[in-house]
Amino acid sequence: MVKNRRRSDEPLHCLVTGASGYIGGRLVPELLAAGHRVRCMARSPGKLRDHPWAGDVDTVRGDVQDAESVAAALRGIDVAYYLVHSLGSGAGFEAADRRAAEIFAAQAHACGVQRIVYLGGLTPRGVPERSISPHLRSRAEVGHVFLDGPVPATVLRAAVVIGSGSASFEMLRYLTERLPVMVTPSWVHTRTQPIGVRDVLRYLVGSATMPTDVNRAFDIGGPDVLTYREMMCRYSEVAGLRRRIIVPVPMLTPRLSSHWVGLVTPVPASIARPLTESLRHEVVCDEHEIARYVPDPPGRPLPFDEALALALRRVREAQVATRWSSAALPGAPSDPLPTDPDWAGGSLYQDERQLTVEASPEALWKVIEGIGGDNGWYSFPLAWAVRGWFDRFVGGVGLRRGRRDAERLRVGDSLDFWRVEEIEPRQLLRLRAEMRLPGLAWLEMYVETGTEGRTRYRQRALFHPRGLLGHAYWWSVSPFHAVVFGGMARNITQAAAKGMSARQ
């Protein structure tokens, strides 16, 4: 019999770290719907302001590596959700994850937090942790830090998460849709136990009201145990595609296959590699004891095919709430803005263009906010494509991330190889480059009204070089700016004028 259970209808004060990420951005509205109060901790709180739930939460600035800011965020909190990690941040991520978890556990205890809830990875049965992938090993170590700490913890361990916009779903989707005949790594024969994102969220919310004496890890998964090959075949059936031909090739190592995934899908090699490394070993749930504390309603957990169908419907209806690319690349938020008055860094190169537009400010803004993704960049498509291909080749994100929504942008959205850094509706869109560059780059697009009341479009490309290579890069590409940026300005204004004429 379960004892000391907190009343499920008693509201709690919950802290969500990683609210700008894929799971965190979906967990916040679920906690609010359950009647809880929510505080979000983010390194850049402005990234959360355009979420539909932003006005219903308290947002504070904080970094899990900074004990003081963590303590400030945890004061008055009952349940703390830890949904951050250093995946894709390069060498040293294991030490960074461990240090951050230790800081969080210590400050949670000092602030009187009643429970920590952590979403980790499902580890293979019978395989020593030293032999598993660094990604899974780090997730497991963070779980150990919390379970060994002074605050009761719930550690949920999941394998492949299936939901619109998840990295695992995007990998599966693009590999299956783009390659009717696939030469695949041997890990396509590895069994795993996927879970729908709706069930992950249900378990996360339910974990808040666990009895105070529960301090343990739980395996969470759907009802189907499948190989990756079977998942691709099932995807082709659900999506209405022709049967795929899959030919495994044993010599494709995780490193090589991550580049193969990066070439075919929007998921860059830096993210794909830890995901593919995690598929080397079988990851299947050992138990389903989470149901003692978070009971499964009829028909749940969702079968794999149903989770796929729901995710596909969300994608086709352009109703993707968050994506794997929602979280910014590590380090970027701490870098300066081009508007900082005390901006330190020497040279700041600019390419600025202004044009009068035969259209209303609203018509011009509609074109600006719809830029990128399937709509393209309004100039020299081959040049943009080549830059995207080169970025993928050197391990960057390339152009394939596209857009979360075909018409609307919000701060923090990924947009091809840019990140939306600032939006002032009908006035300014500022994008920050996330492609591999020897420096920092921004693209700004303004809607202005001239002295005679006419609409004016202003565009600025800015680049802050790092070292001699950065300066050399700017001067090597500047001869093409007239074609790329000049063409962009002309075509954006023409598209706005054409759209204006079509409505008259």
Discussion item. Centroid separation under 6.0 Å, is that true for the rings of F218 and H288?
Written reply: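 When the ring centroids of H288 and F218 are compared, they turn out to be at least 6.0 Å apart.
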Worksheet item: Do Y446 and Y457 have their ring centres less than 6.0 Å from each other?
Response: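 No: the rings miss the under 6.0 Å criterion.
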Worksheet item: Looking at D199 and R300, does any basic side-chain N land under 4.0 Å from a carboxylate oxygen?
Response: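 Salt bridge between D199 and R300, a charged N being under 4.0 Å from a carboxylate O: yes.
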Worksheet item: So does D405 pair up with R408, basic N to acidic O under 4.0 Å?
Response: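 A salt bridge is absent here (no side-chain N lies under 4.0 Å from a carboxylate O).
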[Y] side chain reached by [X] side chain, heavy atoms, under 4.5 Å:
X    : Y    : result
I371 : W418 : no
S207 : L156 : yes
Y378 : V367 : yes
R37  : C14  : no
R387 : F417 : yes
I423 : R49  : yes
V205 : L27  : yes

Discussion item. For residues 55-64, which residue pairs pass the side-chain hydrogen bond (donor to acceptor under 3.5 Å, both in side chains) check, not counting sequence neighbours?
Written reply: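 Every pair satisfying side-chain hydrogen bond (donor to acceptor under 3.5 Å, both in side chains) with a residue in residues 55-64: R39-D58.
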Item to complete: Applying side chain to side chain donor-acceptor pair (under 3.5 Å), run through R115 and T154 and close with a yes or a no.
Response: CA-CA 7 Å; R115 178 164 299 278; T154 300; 2.9 Å; yes
Worksheet entry | For H13, the option from V79, I77, V38 that meets side chain to side chain contact (heavy atoms under 4.5 Å, CB included) |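 Considering V79, I77, V38, a side chain to side chain contact (heavy atoms under 4.5 Å, CB included) with H13 is found only for I77.
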With distance as the sole test, does [X] use its side chain to make a donor-acceptor pair with the main-chain N or O of [Y] at under 3.5 Å?
X    : Y    : result
H464 : G439 : no
S379 : F485 : no
E352 : A461 : no
D296 : A291 : no
D416 : G373 : yes

Discussion item. I'd like to check the side-chain hydrogen bond (donor to acceptor under 3.5 Å, both in side chains) partners of E369; sequence neighbours left out, ordered by chain and number.
Written reply: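 W365.
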Worksheet item: Who are the side-chain hydrogen bond (donor to acceptor under 3.5 Å, both in side chains) partners of Y235, not counting sequence neighbours?
Response: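 By the side-chain hydrogen bond (donor to acceptor under 3.5 Å, both in side chains) rule, Y235 matches E177.
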